[in-house]
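First the structure, in the form of structure tokens, and then the observations on it.
All heavy atoms count here, side chains included; hydrogens, waters and symmetry mates do not.
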Amino acid sequence: MEFFDNIFVIAAQWIRDTLATLGFTSIWIEMSMGVVYLVCILGICTLAALFYVLYERKLAGYIQYRPGPNRLGPHGWFQTVADAIKLLTKEDVVPANADKAIHLLAPLFIFVPTVLALAVIPFGKGMAALDLNLGIFYLIAVTSLSTIPIFMAGWGSNNKYSLLGSMRAVAQMVSYEVPLVFSLLGVVMIAQTLQLQGIVEAQSKIWFIFLQPLGFIIYIIAAIAETNRAPFDLPEGESELTAGVYTEYSGMKWALFFLAEYCNLFIVSAVGTTMFLGGWHGPFLPGWAWFLIKTHLLFSFFIWVRWTFPRIRVDQLMSFGWKVLVPAALANLFLTGIGIYIFNNGLGW
């Protein structure tokens, strides 16, 4: 079992030893390992997005009692591949008055925060590309960048519906980042570390979901809003904004935004697993297997929420974030501080 737990660490060390044997200096070895990590991260993003596109359609069909994709391949499992081929061969239409450079760069930059965030997530013990001492700060910083390509898409399209959709998205994401960060600070206060590996290690005896139930609920709600998923998918309000920020996009550039949505949802599920669900801790199976199982279950919960609850109004969305979630998150921090003080002084820890 220990071999399966450390198989990726062993593989990384084997690559390092091989490069050293070939005469590479330490700088070139680290640069080469960075390229390997980047390729692996991009592979994880692509495979996760392709799988979860089809998985959501299947699960949504089960929830709403309809078949979903069931024609192409066994049980419709090749439908995602066919959709990808279709989108790759579709004509790319760019509005004549659009800012063509920004219009092109927006769907490419949308993946940058996702790739940067995946670099610090520990998929198992010692299985993080970057094990930073300020891992939480780094994670919050890079995921906050996702507002920039969204606004680029709305501005570069030179379309009032796209611009309104992007402004909605930026306002929504900035507003819900506040309670999301506060919900994570409660975990940091208990773990006494900003390092993601250390936070997972601190959950070896008890998961933080049991010590921070309110923080976990706030995190889940804020994460749904951060990823622009229903019932908080206001940037794409079909009833009033046509297709919102995506109105002027077609073909593969349109598809990149939705692939990024699934990658971002995988990120928030992985972060939720790391911060609240014990990360790689679990019996019998390798740590990375437990991590993927927990992340998958959390991802499935997000899908269930999307296909169960109706979309709310934009004023309700903003009011709920500032008037309910932010005070609740601050109250959770206050109660956490009191609990830590009582525990430390009452038990002499």
Side-chain angles (χ1 to χ4, degrees), residues 1-52 80-81 84 88 108-139 141-143 145 193-204 256 259-260 262-264 266-271 273-275 277-296 299:
M1 186 61 69
E2 185 177 352
F3 171 78
F4 290 106
D5 248 339
N6 300 320
I7 185 170
F8 295 100
V9 179
I10 294 171
Q13 188 59 46
W14 178 81
I15 294 174
R16 290 176 185 273
D17 294 340
T18 303
L19 293 174
T21 303
L22 294 175
F24 283 80
T25 62
S26 59
I27 296 177
W28 283 104
I29 290 175
E30 293 305 319
M31 291 179 62
S32 302
M33 291 304 297
V35 173
V36 171
Y37 283 135
L38 178 61
V39 172
C40 292
I41 288 170
L42 291 175
I44 290 172
C45 282
T46 304
L47 292 176
L50 291 175
F51 169 75
Y52 280 114
T80 303
V81 178
L88 283 168
L108 300 178
F109 284 177
I110 195 71
F111 281 97
V112 173
T114 303
V115 174
L116 293 177
L118 275 172
V120 296
I121 292 178
F123 290 89
K125 189 172 184 179
M127 289 175 54
L130 296 173
D131 188 16
L132 301 178
N133 291 331
L134 298 176
I136 288 294
F137 279 169
Y138 171 86
L139 199 61
V142 298
T143 52
L145 297 174
T193 179
L194 295 171
Q195 190 179 27
L196 293 176
Q197 294 268 2
I199 290 173
V200 177
E201 292 287 357
Q203 300 178 73
S204 59
L256 286 175
L259 287 176
Y262 285 93
C263 289
N264 291 334
F266 180 80
I267 290 291
V268 297
S269 300
V271 172
T273 297
T274 301
M275 301 296 290
L277 301 181
W280 64 76
H281 289 297
F284 308 120
L285 296 176
W288 52 267
W290 274 115
F291 184 90
L292 293 177
I293 290 171
K294 295 173 186 177
T295 302
H296 177 73
F299 199 111

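In this structure a side-chain-to-backbone donor-acceptor pair under 3.5 Å is present from Lys294 to Leu277. Tyr262 places no side-chain N or O within donor-acceptor distance of the main-chain N or O of Phe51, the cut-off being under 3.5 Å.
For the pair Leu285 and Ile293, the minimum side-chain heavy-atom distance is below 4.5 Å.
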_Audit row: Thr274, Phe291, side chain to side chain contact (heavy atoms under 4.5 Å, CB included) steps and yes/no_ = CA-CA 8 Å; Thr274 301; Phe291 184 90; 3.4 Å; yes
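Here the straight-line distance linking atom CD of Gln197 with atom CH2 of Trp280 works out to 4.0 Å at 0.5 Å rounding. With rounding to the nearest 0.5 angstrom, the CG atom of Leu145 is 8.0 Å from the OG1 atom of Thr143. The distance from the CZ atom of Phe111 to the CG atom of Asn264 is 8.5 Å, given to the nearest 0.5 Å. Taken to the nearest 0.5 Å, the CD1 atom of Ile136 stands 4.0 Å off from the CD1 atom of Ile199. Rounded to the nearest 0.5 angstrom, Thr273 OG1 and Ile121 CD1 are separated by 9.0 Å. Atom-to-atom distance recorded for Leu134:CG and Leu139:CG is 12.0 Å, nearest 0.5 angstrom.
The heavy-atom pair separating Phe266 from Leu118 by the smallest distance is CE2-CD2, 4.1 Å. Contact detail for Gly198 and Thr193: the closest heavy-atom pair is C-CG2, 3.8 Å. In this structure, Leu196 and Met275 approach most closely via the heavy-atom pair CD2-SD, 4.0 Å.
Tyr52 pairs by the ring pair (Phe, Tyr, Trp, His ring centres under 6.0 Å) definition with Tyr55, His296, Phe299, not counting sequence neighbours.
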